[in-house]
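See below for the structure under consideration.
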Amino acid sequence: QVQLVESGGGLVQPGGSLRLSCAASGTIFSINAMGWYRQVPGNERELVAVISTGGRTDYADSAEGRLTISRDIAKNTVYLQMNNLKPEDTAVYYCTADLTPHYGSLWRRYWGQGTQVTVSS
């Protein structure tokens, strides 16, 4: 009964900006962390950024300084602000949420369906 809905992907020129959003909904007791991964066909899926409930963030080296992750706890939503985009940022971006659906249950990692980001002139 949990779903992650992503939005904000699209086509942008090099140097442009996009903001990705991901809202978690359904039976959720607590979200421990949310993050973003990306994948290019033929490559392994890689971590872009993650944010904990305490606000601690971690970024991939290629993302730091250009991409910023944030979270709205009340809305169960995570954002990825992407500035100064480069062609190598082109990928399918996946939202993740580590959450507990009920009190006392173990956490599970849920994935969004992915949203395409294309950086091209």
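Excluded from the calculations below are hydrogen atoms, water molecules and symmetry mates; all remaining heavy atoms, backbone and side chain alike, are included.
A side-chain donor-acceptor contact under 3.5 Å links T27 and Q1. Side chains of R71 and T57: a donor-acceptor N/O pair is absent below 3.5 angstrom, by distance only. No hydrogens or angles considered: a donor-acceptor pair under 3.5 Å links the side chains of N83 and S17.
In this structure, L67 and L80 have side chains that are in contact, with non-hydrogen atoms separated by less than 4.5 Å. At a threshold of 4.5 Å between non-hydrogen side-chain atoms, the residues N32 and T100 count as touching. Residues I69 and Y59 have side chains in contact (heavy-atom distance under 4.5 Å, counting atoms from C-beta outward). Within the 4.5 Å cutoff, no side-chain heavy atoms of D98 are placed close to those of Y110. For the pair E6 and W111, the minimum side-chain heavy-atom distance is 4.5 Å or more.
In this structure, the ring of Y37 has its center no less than 6.0 angstrom from the ring center of Y94.
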Exercise. Could you go step by step and tell me if Y79 and L20 meet the side-chain contact (heavy atoms from CB on, under 4.5 Å) rule?
Worked result: CA-CA 5 Å; Y79 306 93; L20 306 183; over 6 Å; no
For this session: Show your working on side-chain contact (heavy atoms from CB on, under 4.5 Å) between L85 and L18 and close with a plain yes or no.
Result: CA-CA 8 Å; L85 285 164; L18 287 173; 4.2 Å; yes
Exercise. Would R19 and S7 satisfy side-chain hydrogen bond (donor to acceptor under 3.5 Å, both in side chains), going step by step from the backbone distance to the final call?
Worked result: CA-CA 9 Å; R19 190 173 90 146; S7 62; over 6 Å; no
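Heavy-atom neighbours of R108 CZ from other residues, nucleotides or ligands within 6.0 Å: at or below the threshold of 12.
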